[in-house]
Amino acid sequence: IAANNATAYLTHAAASQYNGRINCRISRQFSSKHEHMYDVGSDKKYHYLVAMRHTKDEGPAGGSLVNAHDQAPVILPEQFSVVDKQDINADLVFDLSQCGISKGCYRFPQGCSERSCHVLFTQKDRGDHVTFELMGHAQGWLALGLNIEAQMKNSETMACQRTPGGTRVVFKHGYNPGYSNDLLNETDPNGELFDTSSSFSEGILRCRFSRLLVSHVEHSLELGAEHSYSYILAMNNDPDGTAAADTNLLHQHTEQPIVLQGQHSVVDTMNDNAG
């Protein structure tokens, strides 16, 4: 791109080589006026391609060229933003040692450990907001519903869903007007969910997200110590359940939803049905 300076547009560059492995770190600005450089940022998404040359040779290291790769480049099938912090291949760790102390925990079946649970979720009061964690054997999606009544209809839903190909997870804040699911904000699937993170490995989907206690959005419930709701857990364990991840839809659950007995407050940290 810069014939007389190969790193003209790259800054804070560092590299090391050990035992046949090369590690590199580079930075660049979000915007560029060069005709062959893309503007990057939260509003820009691109396909990522990773190429390498395994063969050791001198090559034109001092020139402006890079020898051709000798392995097929890895091309991610979906588009990503450079500010996306997701790492779906790294296990998201839940600290269950704080269950019944600083966070409320609900495990199914009762008494299961994190690895043996079919599904579990936790909630932690953080003052003006609450952090939820969901985990389950779900290849499609997981969702937590809140409702004044013990039913899916009229529930506020908070879901995480794998995208086609499983390369990332999207979060959807919605509402069930009946037997369907609508987004609370059609232009932003996250709705009022923030601080989202996720992982998927060995058939287990893990998600963490937060939501403010006070809401001014229609169909989004007021949370806090003075409000109690029925909790409903639903999931889709069908790999095809990812097909609607880039739309406003959640495919129908593949198992009967779990409806917790009684009503609960999201700031309750004393519950732990560990057996």
Side-chain angles (χ1 to χ4, degrees), residues 78 84-86 88 92 94 106 108 117-124 129-148 150-201 203-212 215 217-221 223 229-260 264 266:
E78 297 179 63
D84 190 348
K85 300 180 178 63
Q86 281 198 63
I88 194 172
L92 189 64
F94 294 170
Y106 302 83
F108 305 92
C117 287
H118 184 60
V119 62
L120 71 81
F121 84 94
T122 76
Q123 58 185 32
K124 184 177 179 64
H129 68 279
V130 60
T131 296
F132 294 102
E133 296 172 322
L134 296 178
M135 189 221 76
H137 291 262
Q139 299 189 61
W141 54 262
L142 282 171
L144 171 65
L146 304 179
N147 200 334
I148 296 175
Q151 61 180 17
M152 290 298 293
K153 182 179 179 180
N154 297 327
S155 293
E156 175 187 349
T157 61
M158 296 169 282
C160 53
Q161 182 179 29
R162 294 177 66 221
T163 58
T167 53
R168 63 190 179 97
V169 172
V170 295
F171 289 79
K172 295 182 176 181
H173 192 189
Y175 167 75
N176 285 351
Y179 295 100
S180 60
N181 183 260
D182 297 336
L183 291 178
L184 293 183
N185 185 337
E186 293 186 358
T187 61
D188 181 9
N190 279 31
E192 296 189 310
L193 308 183
F194 61 94
D195 286 347
T196 60
S197 55
S198 60
S199 72
F200 180 80
S201 63
I204 299 176
L205 179 60
R206 293 179 175 86
C207 310
R208 179 184 293 129
F209 52 89
S210 296
R211 212 215 86 170
L212 291 172
S215 173
V217 177
E218 185 180 9
H219 303 307
S220 185
L221 300 171
L223 308 179
Y229 301 103
S230 292
Y231 285 178
I232 303 147
L233 286 167
M235 68 171 64
N236 183 299
N237 195 30
D238 187 344
D240 290 337
T242 65
D246 290 329
T247 71
N248 294 347
L249 304 175
L250 289 177
H251 281 181
Q252 187 174 11
H253 50 77
T254 56
E255 302 181 18
Q256 186 67 23
I258 298 172
V259 182
L260 274 64
H264 308 264
V266 299

Please check this pair: side chain of Q123 against backbone of V266, looking for a donor-acceptor N/O pair closer than 3.5 Å. yes
Please check if the side chain of S155 supplies one atom and the backbone of T157 the other of a donor-acceptor pair under 3.5 Å. no
Kindly determine whether L146 and M158 satisfy side-chain contact (heavy atoms from CB on, under 4.5 Å), including the steps that lead there. CA-CA 9 Å; L146 304 179; M158 296 169 282; 3.8 Å; yes
Partners meeting side-chain hydrogen bond (donor to acceptor under 3.5 Å, both in side chains) with [X] (sequence neighbours left out):
| X | answer |
| --- | --- |
| Y229 | none |
| H118 | E255 |
| N185 | T187 |

Within this structure, what is the [atom1]-[atom2] distance for the pair [X] and [Y], rounded to the nearest 0.5 Å?
| X | Y | atom1 | atom2 | answer |
| --- | --- | --- | --- | --- |
| I148 | N154 | CD1 | CG | 8.5 Å |
| R168 | Q161 | CZ | CD | 10.5 Å |
| I204 | S199 | CD1 | OG | 9.0 Å |
| E133 | F209 | CD | CZ | 9.5 Å |
| F94 | F121 | CZ | CZ | 12.0 Å |
| L183 | H219 | CG | NE2 | 12.5 Å |

Considering non-hydrogen atoms only, spot the tightest contact between [X] and [Y] and give its length.
| X | Y | result |
| --- | --- | --- |
| S220 | E192 | OG-OE1, 2.9 Å |
| D238 | N236 | N-OD1, 2.9 Å |
| M235 | L142 | CB-CD2, 3.7 Å |
| S197 | L92 | OG-CD1, 3.7 Å |
| L184 | Y175 | CD2-CB, 3.7 Å |
| N237 | H137 | OD1-O, 3.0 Å |

Validation row: [X], [Y] side chains within 4.5 angstrom (heavy atoms):
| X | Y | answer |
| --- | --- | --- |
| Y179 | M152 | no |
| R206 | S201 | yes |
| L134 | L233 | yes |

Assess the side chains of N147 and Y231: does a donor N or O sit below 3.5 Å from an acceptor N or O?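 Result is no, nothing qualifies.
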Could you give me the CA-CA distance, side-chain angles and deciding distance for N176 and K153, then say whether side-chain contact (heavy atoms from CB on, under 4.5 Å) is met? CA-CA 5 Å; N176 285 351; K153 182 179 179 180; 5.8 Å; no
Could you give all pairs that pass the disulfide (SG to SG under 2.5 Å) test and reach residues 154-197, with sequence neighbours left out?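 Every disulfide (SG to SG under 2.5 Å) pair that includes a residue of residues 154-197, provided the two are not neighbours, is C160-C207.
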Residues H253, W141; criterion side-chain contact (heavy atoms from CB on, under 4.5 Å); working and verdict: CA-CA 8 Å; H253 50 77; W141 54 262; 3.9 Å; yes
Test side chain to side chain contact (heavy atoms under 4.5 Å, CB included) applied to V259 - qualifying residues, sequence neighbours left out: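 Here the qualifying residues are A150, I232.
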Suppose we screen for side chain to side chain contact (heavy atoms under 4.5 Å, CB included). Which residues come up paired with S210, at least two apart in sequence or across chains? H129, T131, F194, D195
Does the gap between the ring centers of Y106 and H264 come in under 6.0 Å?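 Yes - the distance between ring centres of Y106 and H264 falls below the 6.0 Å cut-off.
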